[in-house]
Amino acid sequence: MENNNIHDLRYLQLLAHSFPTIAQASTEIINLQAILNLPKGTEHFLADIHGEYEAFLHVLKNASGNIKRKVNEIFGNELRESEKRELCTLIYYPEQKLELVKSSEADMDDWYHIALNRLVRVCRDVSSKYTRSKVRKTLPIEFSYIIQELLHERTDDPNKAAYFRGIIDTIIDTGRADDFITTLANVIQRLAIDYLHILGDIYDRGPGAHIIMDTMAQYKNWDIQWGNHDILWMGACAGNEACICNVIRLSLRYANLTTLEEGYGINLMPLATFALETYGDDPCEEFMPRIQSNDSHNDEQNIRLIAQMHKAITMIQFKKEAEIIRRHPEWGMTDRCLLGNVDYADGTCRIDGNDYEMRSCHFPTIDPANPEQLTPAEENIMQRLAHSFRISEKLQKHMRMLLSHGCMYAIYNNNLLFHASVPLNDDGTLKEVELYGGNRYKGMQLMHNTGMLIRSAFQNDTPKEERQFAIDYFLYLWCGPDSILFDKSKMATFERYFLKDKSTHKEEKGNFFKLRDNEQVVDTILDAFNVKGPNRHIINGHVPVHAAEGENPIKANGKLMVIDGGFSQAYHKETGIAGYTLVYHSRGFQLVQHEPFSSAKDAIQRGTDIMSTTQIVEMANRRMLVGDTDQGQEIQQQVDDLKALLYAYRHGLIKEKRP
């Protein structure tokens with residue numbers, strides 16, 4: 001007890017450096033207590049964005065309809081629907097909307113007056129749940145003072161009305177209206193959402209993962225729970241050559257080379273040259289890319305080249321995967337090394353004792369006597385691709401962002417967030433999974449230690465053997481049967497490309513996906529992660545919700561929410577929608593179901609928004625305050641510490657340091 005008292009006193013002495021007097025400590029207590037009584041900030045949850053940057057940016061700008069809801073609440077019947085729609089578009093796309101307005105508006109001064117007054121009212125509303133200090137930190141320096149004045153002056157006060165009007169007049173007269181409108185719109189966007197959670201899979205399929213990452217580099221309050229596609233790119237960045245092949249293969253499969261070539265400067269020309277030389281007379285029918293209906297950039301010749309490159313990198317991938325899998329027999333995945341199971345003369349492949357007919361058997365880079373060996377040309381291609389990934393500064397920067405903002409899971413305000421799965425036994429109990437050194441973990445410890453293993457792949461001081469295992473383990477996370485990011489019996493990539501029998505294509509889902517609608521199982525997981533409170537939840541993504549078939553994203557009696565509804569265009573026909581987002585504000589949870597987004601151009605010119613359906617998941621019986629949140633607990637602890645400091649000052653244990 002005495003040691004604890006000494007420790008506490010030392011801590012209070014350190015705290016006294018920041019608050020050297022009773023007056024300063026008391027003032028901070030008053031400030032913190034006030035913050036505890038503000039409404040809880042709005043959290044925004046997104047998952048499985050898959051490079052669809054236009055839809056992502058729009059959802060970020062409109063805060064999943066939160067801004068539209070605010071505009072409706074503020075203006076009600078005061079404005080026509082068309083006027084409210086125009087105002088929302090101005091908030092989402094201020095620069096582009098201003099340009100459009102100027103081309104048709106006769107009296108811009110009058111328009112500026114109306115627009116600025118309306119924007120100030122919206123900004124005043126969205127900023128009302130924050131302290132002045134927090135709002136001030138959101139404001140750009142050049143307009144900070146003016147915006148603060150407009151936000152905190154009452155226009156219905158006759159003594160202030162002229163002052164308020166004078167500010168607006170001066171902004172217009174000095175030619176700063178455009179800049180000021182843009183600033184206000186951006187502030188509204190930022191304040192509409194207090195914190196953003198991305199539940200994995202920024203990468204693959206869509207054309208703009210790098211644009212999404214550039215956007216997040218400018219965003220302050222966000223985190224990410226790594227998804228399997230993010231891990232694939234992280235593995236490629238760390239030097240896992242099988243991951244590099246998978247990244248390129250998926251880009252070619254969806255005819256999406258923008259992120260690789262334009263975003264990260266990955267040189268695919270050597271692969272293209274090799275593919276033309278090696279597969280020039282091969283129809284490569286199995287490797288024809290999935291072209292979106294609105295894709296006009298790929299002609300027949302380009303599509304054929306993409307298919308040839310697709311096959312070339314896929315064959316290299318199978319060989320590199322076999323190399324890693326055979327290095328780790330403890331993974332139990334040697335049955336996935338299927339190149340050795342092919343009878344290249346008969347055109348069949350043996351799986352589980354059965355022979356299956358191949359769709360084609362043209363493999364010029366395969367030596368049947370040693371099918372997993374890269375040819376010298378393939379080895380050269382692999383080295384050049386690995387070098388290109390290694391020297392891409394922007395890719396390295398974005399992967400560092402994922403590391404600094406991410407982990408395998410997070411617990412935030414009684415919500416357990418992760419991308420895919422918690423491995424389970426058949427009876428719903430937590431399943432142990434082996435990591436490095438034969439150590440076995442389950443549940444929270446499995447998530448934590450997997451995250452630590454991932455980080456060790458990027459740390460130069462990690463022992464060589466452990467670091468190599470960590471780099472290899474990215475492949476297991478991508479396709480291993482007990483991976484917390486995959487959790488299926490197998491990844492049937494080879495079968496889907498080459499075997500006619502579709503029964504071989506089936507990937508059996510793990511127990512988490514079979515049991516996730518069982519409330520008792522979900523409670524077991526929440527207990528294992530020490531998630532407390534009567535209104536606790538699991539929120540994840542990974543497996544698209546088939547809304548068109550009537551599947552409900554709310555499971556386990558409301559305790560589990562799946563918010564992957566198919567952001568990616570490739571999933572729209574399958575899911576029937578274009579994604580879910582979740583909003584958690586001071587009054588409760590709202591799940592927003594989105595229809596496909598046409599384009600930012602349509603949103604600007606015609607005022608179209610993403611058509612969304614809001615489902616109230618859970619409403620609080622009273623408005624939640626900051627004091628009810630994790631942040632509130634931290635603030636309360638600070639208050640308690642400061643009260644202890646006051647006690648120490650007043651009882652002479654610590655002396656005040658007056659200037």
Considering residues at least two apart in sequence or located in another chain, which fulfil the ring pair (Phe, Tyr, Trp, His ring centres under 6.0 Å) criterion with [X]?
X	answer
Tyr584	Phe589
Tyr53	none
His405	Trp222
His585	none

note = The reported gap from CZ in Phe418 to CD1 in Ile538 (rounded to nearest 0.5 angstrom) is 4.5 Å
Under 3.5 Å side-chain donor-acceptor pair for [X] and [Y]:
X	Y	answer
Gln148	Ser144	yes
Thr42	Lys129	yes
His197	Asp223	yes
Asp640	Gln636	yes

Closest approach of Val120 to Leu151 (non-hydrogen atoms, all atoms of both residues) = O-CD2, 4.1 Å
task = Kindly give the heavy-atom pair with the smallest separation between Leu430 and Gly443, and that separation in Å.
result = CD1-CA, 4.0 Å
Please list all pairs meeting salt bridge (charged side-chain N to carboxylate O under 4.0 Å, His left out) that have one or both residues in [range], counting only residues at least two apart or in different chains.
range	answer
residues 12-22	none
residues 29-42	Lys40-Glu43
residues 18-29	none
residues 518-529	Glu519-Lys559, Asp523-Arg536, Asp523-Lys559, Asp527-Arg536

Please identify each residue that fulfils side chain to side chain donor-acceptor pair (under 3.5 Å) with [X], with sequence neighbours left out.
X	answer
Asn540	none
Ser586	Arg623
Asn72	Lys84
Gln24	Thr21

Derivation of the salt bridge (Lys or Arg N to Asp or Glu O under 4.0 Å) call for Lys431 and Asp487 = CA-CA 11 Å; Lys431 184 176 185 178; Asp487 198 10; over 6 Å; no
Should we count [atom1] of [X] as having more than 12 external heavy atoms under 6.0 Å?
X	atom1	answer
Lys397	NZ	no
Gln520	CD	no
Glu393	CD	no

Would you check if [X] and [Y] make a side-chain contact, meaning some heavy-atom pair closer than 4.5 Å?
X	Y	answer
Cys407	Arg455	yes
Trp233	His398	no
Thr629	Tyr412	no
Ile22	Glu656	yes
Leu36	Leu625	no

message = Tell me if the aromatic rings of His50 and His229 count as close, with their centers under 6.0 Å from one another.
response = yes
message = Using side-chain contact (heavy atoms from CB on, under 4.5 Å), reason through Asp201 and Asn228 one step at a time and then give a plain yes or no.
response = CA-CA 7 Å; Asp201 280 0; Asn228 51 319; 3.0 Å; yes
